[in-house]
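Remember, it's 1-based here, ligands and their atoms both numbered in the order they're listed.
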Amino acid sequence: MASLVINGGRRLNGSLVAQGSKNSALPILAATYLVNGKSIIHNCPRLSDVECTIKILENLGCKTERRGTDLIVDSTSASGHEIPESLMREMRSSVVFLGAILGRAKKAKISTPGGCEIGLRPIDLHLFAMRKLGVEIEESYGKLLCTIPQNLKGTKITLTFPSVGATENAVLLASVARGTTTIINAAREPEIIDLCNFLNKCGAKISGAGESVIVIEGVEKLEATEHSVICDRIAAATYLFAGAITGGDIALKNTVPQHLNSILPVLEETGCEISIKCNEIRLKAPLKLRRIDKLITQPYPGFPTDAQAPIMTLTAIAEGTSVIVENIFESRFKHVPELLRMGAKIRTEGRVAVIDGVKRLYGASVVSPDLRGGSALVLAGLVAHGTTEVGSLKHIDRGYENFENNLCMLNADIIRME
Ligand code: UD1
């Protein structure tokens, strides 16, 4: 299995162009199945999760073509309604195809995605939203058989939690339902706005994206268009953390700085100097990072759960004691035992982690437990004394494009071993 071998102790400097957002690209690619014709998606990152999405699109009958960071999806003659279990299991977020398939094929057969590394991840809110719009769902032995006995009808959908995926599925299906749908307590993430911008360009009538009430006037037809995916705020944050932990000075180009509004102040709290010029974020790190008082993960615009693991590595070598509370997923501290192997001092109790900063971390052989946990370990390797080997790279490859090459361009010493 592939691993990254990192020789720690090098200060990062230089500049990088931020990658396109994984969490925007996936629902937008699902949406290309809902719309008719040839969609051209620019700034589409090259990631294994995107590869899996392409496999699903092809399985449904779409033609796809990669041209650099552009992805062309032609849905003209596609009519599939089924996602094989193997693909559903490969990527949990394949569930976001449900709304798109139902909107196009008026029926769907998928399997429940099940739990994953970071927790149970139920899909009750997705199914609730589908049912409210008129979908009948038969659940048996992990399979979901969905049909639309009468027409899809606009309705009021009140989510008990602002789930990103459930909001996306509701938006996708409501876009082609008859009448008006109002989603109350919708997720407000920038990726929701990006999806709605894409759909609106295709002819949808969606307003309120980015707020907690989204109103959708259903339309009969959506026509394919061109769209450029927004910058990946989590990948951007990870590179800033890499600059911070190594005492570096780095600049990230092509970002949307306001999407990092909950992250940049935390970096400043650790003593980093942040400056923003148009879409470029520059970070200059202090010699020694300071502790973070108390950090709580929350739905957007709060601090993102996806940045929790990598920022914990910063607190592991910061001066003093930091507290991190994980509020979104129940099993998202799996990087902690691996950080302990590298000399970190972290105690966890339920959703709370207390981190006593140590003077140094030491290179060790560790295993990436999940996508963001993996990036946390790479950050630890960048600053550790000696050599760190991070195994189980399949997780990291799901979300970071060219991760080790980008870090090496910033002066890191990393080799990928196959
Ligand atoms: C998306 C992101 C993921 C991020 C997460 C939270 C994508 C592809 N993934 O995941 O990177 O960590 O948002 O910002 O965009 N829940 C339920 N029932 C449901 C749906 C969700 O109980 O039907 C719970 C989940 O178990 C979790 C919480 O709600 O505890 C948040 O999940 P959700 O916002 O749906 O995350 P995802 O869309 O899966």
Side-chain angles (χ1 to χ4, degrees), residues 20-31 44-45 47-50 52-53 56 88 90-100 110 112-132 137 139 144 157-172 183 185-196 212 229-230 232-238 259 262-263 296-311 325-334 350-351 370-376 395-396 398-400:
S21 164
K22 166 177 89 71
N23 290 353
S24 265
L26 301 184
I28 288 172
L29 290 176
C44 186
L47 304 166
S48 59
D49 269 7
V50 171
C52 179
T53 305
I56 294 174
M88 285 300 297
E90 211 173 295
M91 183 184 67
R92 195 205 174 270
S93 41
S94 47
V95 72
V96 84
F97 268 93
L98 186 57
I110 65 169
T112 46
C116 74
E117 304 82 17
I118 59 175
L120 286 173
R121 304 188 86 169
I123 56 163
D124 53 319
L125 298 173
H126 298 246
L127 301 187
F128 165 74
M130 298 296 99
R131 285 188 169 115
K132 286 285 281 182
I137 304 171
E139 291 180 65
L144 294 177
I157 300 170
T158 304
L159 296 176
T160 49
F161 181 87
S163 154
V164 175
T167 302
E168 289 164 348
N169 259 329
V171 163
L172 286 162
I183 307 174
N185 199 24
R188 299 168 60 193
E189 270 70 0
E191 295 77 22
I192 302 279
I193 305 180
D194 208 20
L195 171 66
C196 294
S212 46
V229 170
I230 56 169
D232 195 311
R233 62 196 165 98
I234 305 301
T238 307
H259 291 170
S262 62
I263 295 173
I296 304 176
T297 63
Q298 280 163 336
Y300 193 84
F303 190 91
T305 171
D306 287 349
Q308 176 263 111
I311 207 162
V325 182
E326 172 55 55
N327 246 335
I328 307 293
F329 290 107
E330 64 272 21
S331 310
R332 224 175 184 181
F333 284 148
K334 290 194 172 155
R351 289 175 179 263
D370 53 58
L371 166 57
R372 308 300 170 186
S375 70
H395 295 298
I396 294 178
R398 284 184 42 222
Y400 293 95

Notebook entry, point to check: Among Thr160, Leu125, Thr305, Leu26, which one has a heavy atom closest to atom 6 (C) of ligand 1?
Noted result: Thr305
Return a table of donor-acceptor pairs under 3.5 angstrom between the side chains of residues 157-166 and protein atoms on other chains or two or more places apart.
| from | atom 1 | to | atom 2 | distance (Å) |
| --- | --- | --- | --- | --- |
| Ser163 | OG | Ala166 | N | 3.0 |

Next item on the list: Nearest 0.5 Å please: distance from the CG atom of Leu47 over to the SG atom of Cys52.
Entry: 12.0 Å
Check: Under 6.0 Å from the six-membered ring centre of Phe329 and within 45° of its axis: does the NZ or CZ of Arg351 meet both?
Finding: no
Next item on the list: Output the list of atoms in ligand 1 that are nearer than 4.0 Å to some heavy atom of Ile123, sorted by atom number.
Entry: 19 (C), 23 (O)
Margin query: Just to check, does Gln298 reach to within less than 4.0 Å of ligand 1 when the distance is taken from its heavy atoms?
Written below: no
Checklist line | atom 15 (O) of ligand 1: the protein heavy-atom neighbour that sits closest, reported with distance to 0.1 Å | finding: Asn23 CG, 3.2 Å
Check: Rounded to the nearest 0.5 Å, how far apart are CD of Glu191 and SG of Cys196?
Finding: 11.5 Å
Item checked: Lys22 with Asp232: basic N within carboxylate O range, under 4.0 Å -> no
Notebook entry, point to check: If you count the atoms of ligand 1 from 1 in the order shown, which ones are under 4.0 Å from a heavy atom of Phe161?
Noted result: 28 (C), 29 (O), 31 (C)
Next item on the list: Identify the protein heavy atom lying closest to atom 39 (O) of ligand 1, giving its residue, its atom name and the separation to 0.1 Å.
Entry: Arg121 NH2, 2.9 Å
Check: How close does the nearest protein non-hydrogen atom get to atom 32 (O) of ligand 1, and which residue and atom is it?
Finding: Phe329 CZ, 3.9 Å
Next item on the list: State the atoms of ligand 1, each with its element, that fall below the 4.0 Å cut-off from a heavy-atom position in Arg332.
Entry: 12 (O)
Check: Where is the tightest heavy-atom contact between Pro27 and Leu195, given as atom of each residue plus distance?
Finding: O-CD1, 3.7 Å
Check: Where the closest heavy atom to atom 13 (O) of ligand 1 is concerned, which of Val164, Ile328, Asn169 has it?
Finding: Val164
Item checked: Polar proximity ligand 1 side, Ser163 side, N/O cut 3.5 Å exclusive -> yes
Next item on the list: Tell me which one of Pro122, Pro27, Ala166, Gly165 gets a heavy atom nearest to atom 20 (C) of ligand 1.
Entry: Pro122
Margin query: Closer than 4.0 Å and a protein heavy atom, does any atom meet both conditions relative to atom 24 (C) of ligand 1?
Written below: no
Notebook entry, point to check: What heavy-atom pair brings Ile230 and Asp194 nearest, and what distance separates the two atoms?
Noted result: N-OD2, 3.1 Å
Notebook entry, point to check: N/O of Asp306 under 3.5 Å from N/O of ligand 1, yes or no?
Noted result: yes
Notebook entry, point to check: Is Arg92 in contact with ligand 1, taking contact as a heavy-atom separation below 4.0 Å?
Noted result: yes
Check: side chain to side chain donor-acceptor pair (under 3.5 Å): which pairs involve residues 296-306, sequence neighbours left out?
Finding: Thr297-Glu326, Thr305-Glu326, Thr305-Arg332, Asp306-Arg332
Next item on the list: Kindly give the heavy-atom pair with the smallest separation between Leu172 and Ala31, and that separation in Å.
Entry: CD2-CB, 3.6 Å
Item checked: Arg131 side, atom CZ; Asp124 side, atom CG - distance, nearest 0.5 Å -> 10.0 Å
Margin query: Would Asp124 count as being in polar contact with ligand 1, using the rule that some N or O on each side must be under 3.5 angstrom apart?
Written below: yes
Next item on the list: For Ser93, take its heavy atoms, then give the atoms of ligand 1 lying under 4.0 Å from any of them.
Entry: 8 (C)
Check: At what distance, to the nearest 0.5 angstrom, does CG of Leu144 lie from CE of Met130?
Finding: 11.5 Å
Notebook entry, point to check: Does some non-hydrogen atom of His126 fall short of 4.0 Å from ligand 1?
Noted result: yes
